[in-house]
Amino acid sequence: MLHPTGETRLGRAGSIAVLRALQLGDLLCTVPAWRALRTAYPEARIALIGLPWAREFVARFHRYLDEFIEFPGFPGLPEREPAIDRIPAFFTAMQNRRFDCLLQMQGSGRYANEIVTLCGGARSAGYYAPPDFCPDPTRFMAYPEGLPEVTRHLRLMAFLGIPAEDDALEFPLTAEDEAELRRLDEATVLAATPYACLHPGGRRPSNRWAPENFARVADRLAAEGLTVVLTGTASEQALAEAVMQGMQSRPVNLVGRTTLGSLGVVMSRARLLISNDTGVSHMAAALRVPSVIVCINSDPIRWSPLDHRLHRVLIGRHTAPQSAVAEAGKLLRPGCAPEAMDRNASHRVSAPQSRWRNTGRRRLRVLTWHVHGNYLYYLSQTPHEFVLPVGRTGPGYAGCAPGFPWPPNVSDIALDDLPGADLDCILFQSQSQYLVDQYELLTPAQRALPKIYLEHDPPQDHPTDTCHPVDDPEMLLVHVTHFNRLMWNSRRTPTRVIEHGVLVPSGLTYTGEIAKGLVVVNHLHRRGRRLGADLFDYVRARVPLDLVGMDSAAAGGLGDIGHAELPALMCRYRFVFHPIRYTSLGLALCEAMSLGVPPVALATTEAPTVIEQDVSGYIDTDVDVLIRRMRHLLDNPEDARRLGAGARRAAQARFGIDRFTQGWDRTLTEFVASRSRRTAASVGWDAAPTEARS
């Protein structure tokens with residue numbers, strides 16, 4: 001990511017202007033990226049181009065932002081009605097400033113990149129939406145879909161060569177904020193009683209839960225001894241009145257009576273927040289206040305708080321009030337989030353706490369090994385911290401090896417530091433790690449932590465009678481396919497299946513202009529018949545094929561293609577060929593199908609459940625039949641596009657990254673919680689739900 005001089009892709013910059021003319025939640029989700037930007041450019045003058053309300057935001061976040069520049073709006077952007085008469089003067093002023101860099105963090109860039117160009121900086125960077133024009137391939141990245149908003153902007157920083165320490169949100173509070181709260185008559189009451197905040201408003205009426213639902217939740221909280229505090233803007237007073245009319249208890253109504261700062265103080269002292277998916281939910285995340293968020297007509301993956309244990313998200317307008325009450329009860333239960341209850345000083349910390357400390361966000365710290373790079377990268381999209389040991393030769397100790405855009409929740413740890421590491425769970429991925437390494441590297445206390453074994457392969461000795469090396473009812477064995485679980489004899493170990501999930505670049509389109517098939521297998525000839533080395537040679541003598549992967553050059557292939565480059569290459573080939581006789585479903589096959597590349601595969605192991613004949617690809621156990629199918633695709637590119645479209649639909653339904661990360665998030669949190677309570681036998685993990693197929 002870095003230039004040879006050690007600079008980031010932004011180069012030397014004494015002045016940087018950031019375009020993000022959006023609302024409170026949007027800006028709070030960008031703070032971790034701005035924190036990284038300030039660390040990389042401690043002496044630069046950084047300006048925010050924002051909506052008028054954001055002047056106060058810039059003052060509050062003066063550690064990262066030096067200046068506010070009001071954005072007059074622009075045709076095509078919905079956040080503000082354009083002040084047409086002010087737009088020319090805005091661009092003239094920006095061009096006269098001649099910023100060293102203009103950073104487009106508004107969105108995909110469909111309209112915003114034109115704005116950044118007209119501002120006339122020396123350089124610009126940010127997002128673009130393929131296949132739209134990319135202003136500068138070295139500084140503009142394809143807008144990543146399907147990510148939490150915080151993660152999206154940290155990805156941009158990583159793309160620009162700007163490392164981030166963590167993804168924690170912030171909301172600094174000041175003495176003036178405290179003074180503003182003390183001016184309210186209700187300040188004395190709030191200081192003397194435990195309370196919960198209810199925020200029934202939100203910018204869009206279509207995103208609001210019904211007032212009567214908030215009223216029912218409020219009465220239940222009041223019955224449990226909590227004072228209910230209604231919050232919101234002055235324009236939401238009628239909404240607050242509707243909530244109060246439906247209540248049997250009497251709330252404290254602060255709607256329209258707080259500033260942003262005094263609202264932050266009120267929130268920081270609350271036991272709980274119940275709200276719609278709106279800016280205040282991100283304020284609660286920044287202040288580490290437990291919350292129940294009802295998400296209606298918005299993307300829960302994009303906007304949900306990252307800590308799923310401290311913040312519970314309920315989806316849908318028809319969410320029952322009792323569901324919110326049940327989640328609130330879990331958060332209010334003694335000991336559920338003890339760190340979150342001691343927050344009096346934490347929200348004033350001048351710098352983010354180390355990610356090695358439990359800051360109350362309740363993200364698990366999982367020790368695992370770098371075994372399969374692509375799988376580990378997809379696993380790292382799960383909202384927990386993954387710690388990778390380094391400092392030993394051999395498989396598993398590559399750590400955050402180059403070639404992957406590792407997110408900030410993945411870090412290396414030296415073997416000397418491992419005995420003192422604060423961990424929540426051990427995730428083994430090979431027999432050597434489980435049988436040898438844990439006894440050489442981990443302390444007895446660490447070996448007593450909850451342990452999961454991730455099995456990537458079916459048994460390679462006897463296909464049905466091989467006993468898995470893990471035989472421990474206190475552990476959990478996770479298989480990546482149902483076929484794997486079917487074949488292993490897991491004995492006493494509880495099992496679960498979490499099928500693959502992949503994340504492919506948005507904007508890539510299957511073209512198939514290379515009239516060949518592509519095979520993607522690492523060390524194919526070394527791994528022999530099991531991976532189909534003989535079949536590859538047999539088919540290549542009859543149909544044009546290319547091979548990529550580690551050590552593929554030795555077999556006449558194209559060599560190892562990096563993770564970032566492989567998707568675009570796949571899209572150019574007419575089809576992919578999966579020659580594997582006996583192993584887990586190849587990640588490359590899942591990736592190719594997700595990109596819309598039609599697959600041709602042996603009907604073995606899990607593949608017959610993935611590929612539907614003549615709908616999403618071709619599949620057979622007769623290799624000569626597959627050869628005829630390949631020739632058909634070479635001669636009929638339109639049919640290849642039809643099958644590719646079917647493959648993409650099938651892969652999106654079955655191998656979506658959201659389903660995968662939710663499965664791992666649920667497995668990690670539930671298993672660690674069950675083992676910490678030592679109630680594994682009563683939980684019945686063998687009866688735990690397998691990740692459902694679409």
Side-chain angles (χ1 to χ4, degrees), residues 130 142-148 151-152 155 301 368 370-383 386 403-407 409-410 429 454 456-457 478-484 497-510 518-522 548-549 561-573 575-578 580 583-599 601 605-607 609-612 616-617 643-665 667 691-694:
Y143 187 71
E145 301 283 358
L147 296 179
T151 306
R152 186 192 322 280
R155 289 279 179 87
I301 298 300
T368 192
H370 184 141
V371 174
H372 300 282
N374 283 50
Y375 191 97
L376 180 62
Y377 171 64
Y378 299 137
L379 180 64
S380 72
Q381 311 306 305
T382 307
F386 295 91
F404 295 89
W406 301 110
N409 61 314
V410 184
Q429 298 191 56
L454 170 59
H456 291 273
D457 295 304
V478 175
H479 292 287
V480 299
T481 68
H482 293 270
F483 180 86
N484 285 11
V497 176
I498 302 178
E499 292 194 317
H500 288 318
V502 298
L503 181 65
V504 297
S506 60
L508 286 180
T509 303
Y510 167 71
L518 183 67
V519 175
V520 185
V521 180
N522 291 327
V548 299
I561 306 298
H563 173 84
E565 292 76 29
L566 183 58
L569 180 67
M570 281 183 174
C571 287
R572 300 180 61 205
Y573 278 81
F575 61 88
V576 293
F577 175 39
H578 193 252
I580 297 174
T583 190
S584 289
L585 192 69
L587 270 175
L589 179 65
C590 304
E591 292 163 342
M593 292 178 65
S594 297
L595 291 163
V597 185
T605 64
E606 195 72 25
T609 73
V610 174
I611 301 170
E612 184 177 358
S616 56
L643 290 180
R648 184 166 191 161
R649 288 191 297 270
Q652 289 174 340
R654 186 157 175 181
F655 303 121
I657 193 67
D658 296 341
R659 190 268 318 151
F660 174 77
T661 56
Q662 288 167 10
W664 267 111
D665 180 27
T667 295
E691 296 307 306
R693 294 178 184 164
S694 299

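Note: hydrogens, waters and symmetry copies are ignored here, and every other heavy atom, side chains too, is used. One is the number of the first residue; the rest follow in order along the sequence.
If you take CZ on R155 and OH on Y143, they are separated by 12.5 Å, rounding to the nearest 0.5 Å. Taken from CG in N409 to OG1 in T151, the straight-line distance is 7.5 Å, to the nearest 0.5 Å. Atom CD in E612 sits 10.0 Å away from atom CZ in R649 (nearest 0.5 Å). To the nearest 0.5 Å, atom CD of residue E591 and atom CE of residue M570 are 5.5 Å apart.
Within the 4.5 Å cutoff, the side chain of N374 has heavy atoms near those of the F404 side chain. Under the 4.5 Å side-chain criterion, counting only non-hydrogen atoms from C-beta, L376 is not in contact with V371. Taking 4.5 Å as the limit, some side-chain heavy atom of L585 sits within range of a side-chain heavy atom of C590. In this structure the side chain of V504 never reaches within 4.5 angstrom of the side chain of F655, judged on heavy atoms. Contact of the F575 side chain with the L518 side chain is not registered, since no non-hydrogen atoms from C-beta on lie closer than 4.5 Å. For the pair I301/L147, no side-chain contact is recorded, criterion being any heavy-atom separation below 4.5 Å from C-beta on. Here the side chains of V502 and L587 are in contact, with some heavy-atom distance below 4.5 Å. Side-chain contact check for T661 versus L379: every heavy-atom pair is 4.5 Å or farther apart.
What you find for W406 and G373 is that their closest heavy atoms are CH2-O, 4.0 Å. Taking every heavy atom of both residues into account, C571 and L595 meet most closely at SG-CB, 3.9 Å. Minimum interatomic distance between G617 and L643 (heavy atoms only, all atoms of both residues): N-CD2, 3.8 Å. Shown here for L503 and I657, the closest heavy-atom pair between the two residues is CD1-CG2, 3.9 Å.
In this structure, R654 contributes its side chain and G501 its backbone to no donor-acceptor pair below 3.5 Å. In this structure a side-chain-to-backbone donor-acceptor pair under 3.5 Å is present from S380 to Y377.
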message = Run the side chain to side chain contact (heavy atoms under 4.5 Å, CB included) test on V497 and F483 for me, step by step, so that the C-alpha distance in whole Å, both residues' side-chain angles and the decisive distance to 0.1 Å come before the verdict.
response = CA-CA 10 Å; V497 176; F483 180 86; over 6 Å; no
query = So V548 and L569, side chain to side chain contact (heavy atoms under 4.5 Å, CB included) or not? Walk me through it.
reply = CA-CA 10 Å; V548 299; L569 180 67; 4.2 Å; yes
request  = Please test T609 against E606 for side-chain hydrogen bond (donor to acceptor under 3.5 Å, both in side chains), starting from the C-alpha separation and ending with a verdict.
outcome  = CA-CA 6 Å; T609 73; E606 195 72 25; 3.1 Å; yes
query = Does the pair Q429 and T368 meet the rule for a side-chain hydrogen bond (donor to acceptor under 3.5 Å, both in side chains), with working shown?
reply = CA-CA 7 Å; Q429 298 191 56; T368 192; 2.7 Å; yes
request  = Evaluate side chain to side chain contact (heavy atoms under 4.5 Å, CB included) for V520 paired with L566, printing each intermediate quantity in order.
outcome  = CA-CA 9 Å; V520 185; L566 183 58; 4.0 Å; yes
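Listed by chain and residue number, nothing satisfies the ring-ring contact (aromatic ring centres under 6.0 Å, His included) test with Y510 (two or more places apart in sequence, or in another chain). Residues forming a ring-ring contact (aromatic ring centres under 6.0 Å, His included) with H500 (at least two apart in sequence, or on another chain): Y375. Looking at residues two or more places apart in sequence or on another chain, you find a side-chain contact (heavy atoms from CB on, under 4.5 Å) between D457 and E455, Q460, T583, S584. The salt bridge (charged side-chain N to carboxylate O under 4.0 Å, His left out) search around R152 returns E149, not counting sequence neighbours. Looking at residues two or more places apart in sequence or on another chain, you find a side-chain contact (heavy atoms from CB on, under 4.5 Å) between P599 and V576, L589, M593, I611, A647. When the side-chain contact (heavy atoms from CB on, under 4.5 Å) test is applied to R572, the partners found at least two apart in sequence or on another chain are T511, E513, I514.
Between the side chains of R648 and S616, no donor-acceptor pair of N or O atoms lies under 3.5 Å.
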